[in-house]
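Okay, structure first, notes after.
Below, each value reflects all heavy atoms present in this structure, side chains not excepted, and no hydrogens, waters or symmetry copies. Labels below follow one simple rule: chain letters A, B, ... track the order of the sequence lines, proteins then strands, and each chain is numbered from 1.
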Protein chains: 2
Amino acid sequence: MSTLKDVAERAGVTVTTVSRMLNNRGYVSEKTKNKIRQAMKELNYRPNEFARALSLQRSNFIGLIVPSARNMFFSKVIDSVERQVSKHGYKLLLCTSNLEPKKEFEYFDMLSANKVAGVIIASHTQDIDKKININAPVISIDRIISPQIPAICSDNYQGGVLAAEHLISKGCKKLAHISGSIHLNMDANKRYYGFKDVCEKKGVPHILIDATEEQFLSMNYDSIVNMLLDNYPDVDGIFTSNDIIAAQVIATCSRRGIKIPDQIKVVGYDDIDLCTIFNPSITTIRQAISEISLYAVESIISKAEKDKPIPSCIIFPVELIERETT
Amino acid sequence: MSTLKDVAERAGVTVTTVSRMLNNRGYVSEKTKNKIRQAMKELNYRPNEFARALSLQRSNFIGLIVPSARNMFFSKVIDSVERQVSKHGYKLLLCTSNLEPKKEFEYFDMLSANKVAGVIIASHTQDIDKKININAPVISIDRIISPQIPAICSDNYQGGVLAAEHLISKGCKKLAHISGSIHLNMDANKRYYGFKDVCEKKGVPHILIDATEEQFLSMNYDSIVNMLLDNYPDVDGIFTSNDIIAAQVIATCSRRGIKIPDQIKVVGYDDIDLCTIFNPSITTIRQAISEISLYAVESIISKAEKDKPIPSCIIFPVELIERETT
DNA sequence: TGTGAAATTGAAATCGATCTATAAAAAATA
DNA sequence: TATTTTTTATAGATCGATTTCAATTTCACA
């Protein structure tokens with residue numbers, strides 16, 4: 001592996017000049033530039049990222065902390081964040097926390113020691129900023145975890161409104177909301193509030209069912225759906241806080257011979273790939289994950305490179321995608 | 001951020017001593033050790049990873065290249081690789097290649113410049129080693145891409161055998177195999193060979209249908225399944241090369257009013273989370289993804305740390321998980 | 001022809017660790 | 001007590017980049 005020095009020697013200049021050219025700072029004549037380009041090509045030169053980071057006191061890494069990579073919502077997040085990160089010439093350090101605050105702290109420590117340009121986190125750990133010590137911008141997505149940490153969310157309240165309005169407009173008389181785990185993601189509670197407000201305004205009875213953290217992680221919502229169907233046989237419209245629960249509702253109903261959308265209509269949340277693989281395909285509230293990822297990555301980069309401030313809260317619009325479950 | 005030097009000064013020793021203690025190499029008296037520990041605690045010291053990597057000429061990063069993070073098979077791979085990597089004190093650099101060789105080359109270049117301890121790749125790019133230049137162990141998982149690159153696969157042939165035997169034992173008279181994309185993953189062809197050999201031995205007619213790369217990436221197998229059902233109405237057992245196709249078969253059949261498992265039985269491959277969310281739940285061939293990830297990560301680390309050689313091919317057993325589609 | 005400003009290059013310090021060679025102190029042995 | 005051996009600690013080079021400061025060259029203009 002050849003170094004700056006090798007390139008410099010071969011081009012007959014000093015490392016300073018080569019470095020200046022690489023970072024195009026200061027003056028370098030066209031003639032020398034060509035000699036250097038030539039030398040770099042001949043030696044197949046790649047700058048050593050560590051020397052660079054050591055000198056600059058910052059790296060091209062961006063950290064992403066998610067509860068799990070298996071969950072299809074987060075895997076979509078990971079996929080689009082990675083694409084944005086790499087498009088901007090940065091690299092993604094992926095961390096899965098399993099929702100354990102201790103692991104999150106450790107990851108922050110690690111990311112900090114790696115002088116990342118920034119961290120994107122999807123976590124529910126409230127006020128995490130008080131427990132960590134990091135000198136890089138942190139952005140929370142999908143959740144608000146601290147007043148100090150900028151958050152990029154979708155319009156959860158509006159999502160709830162759209163879902164309820166849609167179900168009611170389709171003729172549902174009694175609604176239920178299954179939350180992903182209401183104490184986990186405070187901002188997602190707004191989905192329920194939006195839903196509730198519409199129900200109340202229109203005089204439609206409704207109930208709320210809350211999943212546990214364990215169910216959220218294992219994506220195992222079987223029992224909670226059964227419980228709902230057992231205890232509230234008159235519910236004819238269900239709004240779930242994520243598509244995986246919606247999928248489970250469909251599977252369970254199909255098992256019980258309940259026809260969707262005839263007997264029960266279902267609206268999910270997120271719009272993950274699952275929605276179109278299922279039969280019936282799932283009506284859902286789409287979160288603009290790619291846009292959110294793009295925004296998160298670009299905010300971090302412009303903060304890191306040009307010290308542009310990051311707005312403390314950005315809300316992206318949501319959209320109801322009508323499919324076969326309603 | 002405090003440095004080794006700060007710690008050394010505070011403890012009244014030199015950096016050499018502190019470094020020796022950190023890497024426990026050479027002699028350090030218990031008394032000095034305590035002073036150093038004390039100083040480190042007081043200063044909340046974290047070693048600078050870059051200085052370390054620069055000096056050692058290697059890092060704690062492990063690269064993982066997958067076609068996409070959205071695909072549920074790869075997201076399971078990502079999840080378990082990340083867990084293993086972090087358990088061993090390493091960090092995961094995630095790269096998604098979209099199956100584009102050019103992006104893969106760039107990622108290899110980048111990983112190389114970051115002196116990763118090793119690279120785990122799930123790709124179909126044959127003989128990629130001839131196009132890249134990396135000075136770290138590379139391990140291919142799920143696919144064999146070059147005789148020079150060690151591969152960790154599941155027993156694909158046996159998977160095909162198990163699937164065919166199972167379908168036949170359940171009374172199927174005419175079988176079909178839908179391959180993920182047969183030209184993409186040479187080793188997965190063995191799934192078909194195992195399947196075919198059993199069919200031929202037992203005298204069961206069978207057909208093969210191949211998906212395209214585009215379908216593989218978009219996970220959109222709708223048209224291919226419809227084509228199968230249209231052209232071969234007498235098929236009563238389908239073995240798919242991955243669970244997503246199997247899910248699509250179920251959805252499409254359900255749409256057409258074809259009863260599973262009564263009219264058509266289905267066996268998938270991989271055992272991703274989808275299998276149990278679906279109704280009927282999907283009978284599948286389980287790949288030991290966690291074991292494969294564990295093995296891959298540990299091989300890389302023991303190669304990097306102790307220069308232990310990596311066997312050129314490891315095959316993990318597969319297992320048929322019987323569920324409701326058969 | 002001289003002058004100052006702009007353009008071009010270089011020497012050497014720096015980032016924060018590791019590591020070799022060496023010296024000093026402590027313990028063991030003669 | 002003298003000598004060897006074992007422990008312990010240090011100084012200073014090194015990894016491969018960036019960057020400050022200074023030196024030199026070029027060039028327009030009076």
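Every pair passing salt bridge (charged side-chain N to carboxylate O under 4.0 Å, His left out) that includes a residue from residues 62-91 of chain A is listed here, sequence neighbours excluded: A:Glu49-A:Lys91, A:Arg70-B:Asp273, A:Asp79-A:Arg83.
Regarding A:Asn48, its CG atom lies at a distance of 16 Å from the P atom of C:dG16, rounded to whole Å. The CG-C1' distance, from B:Leu4 to C:dT18, rounds to 9 Å in whole Å. What separates CE of A:Met21 from P of C:dA7 is a distance of 18 Å, to the nearest Å. The interatomic distance linking A:Glu49 (CD) with C:dC15 (C1') rounds to 16 Å, in whole Å. Between the P atom of C:dA17 and the CD1 atom of B:Ile36 lies a distance of 13 Å, rounded to the nearest Å. Rounded to an integer number of Å, the gap from CG of A:Asn135 to C1' of C:dC15 is 16 Å. One interatomic measurement links the two molecules: OH of B:Tyr45 to C1' of C:dG16, which rounds to 7 Å at whole-angstrom precision. Counting to the nearest Å, the P atom of C:dA17 and the CZ atom of B:Arg46 are 11 Å from each other.
Residue A:Ile120 forms a side chain to side chain contact (heavy atoms under 4.5 Å, CB included) with just one option from A:Ile141, A:Val138, A:Val66, and that option is A:Ile141. When B:Glu104, B:Arg143, B:Glu100 are each tested for a side-chain hydrogen bond (donor to acceptor under 3.5 Å, both in side chains) with B:Ser123, only one passes: B:Glu104.
Remark: the backbone N or O of B:Asn114 is paired with a side-chain donor or acceptor of B:Ser59 at under 3.5 angstrom. A donor-acceptor pair under 3.5 Å links the side-chain atoms of B:Ser293 to the main chain of B:Ile289, judged by distance alone. A distance-only check finds a donor-acceptor pair linking the side chain of A:Ser299 to the backbone of A:Tyr295 [under 3.5 Å]. Not one N or O on the side chain of A:Ser55 forms a donor-acceptor pair closer than 3.5 Å with the backbone of A:Arg52.
Checking C:dT8, C:dT18, C:dG16 against every side-chain atom of A:Ser29, the shortest atom distance belongs to C:dT8.
Residue-to-nucleotide proximity on DNA chain D shows that, of B:Tyr27 and B:Leu54, the 5′-proximal contact is made by B:Tyr27.
Checked against the 6.0 Å centroid threshold, A:Phe61 and B:Phe61 count as a close aromatic pair.
In 5' to 3' order, the nucleotides of DNA chain D bounding all contacts with chain B (an atom under 4.0 Å from a heavy atom) are D:dT7 to D:dG16.
A distance of 8.0 Å separates CG in B:Asp142 from OG in B:Ser140, rounded to the nearest 0.5 Å.
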Sugar-phosphate or base contact per nucleotide [nucleotides 19-28 of chain C; S, B, -; heavy atom under 4.0 Å]: BB--------

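Within 4.0 Å of B:Thr3, counting heavy atoms only, lie sugar-phosphate atoms of the nucleic acid but no base atom.
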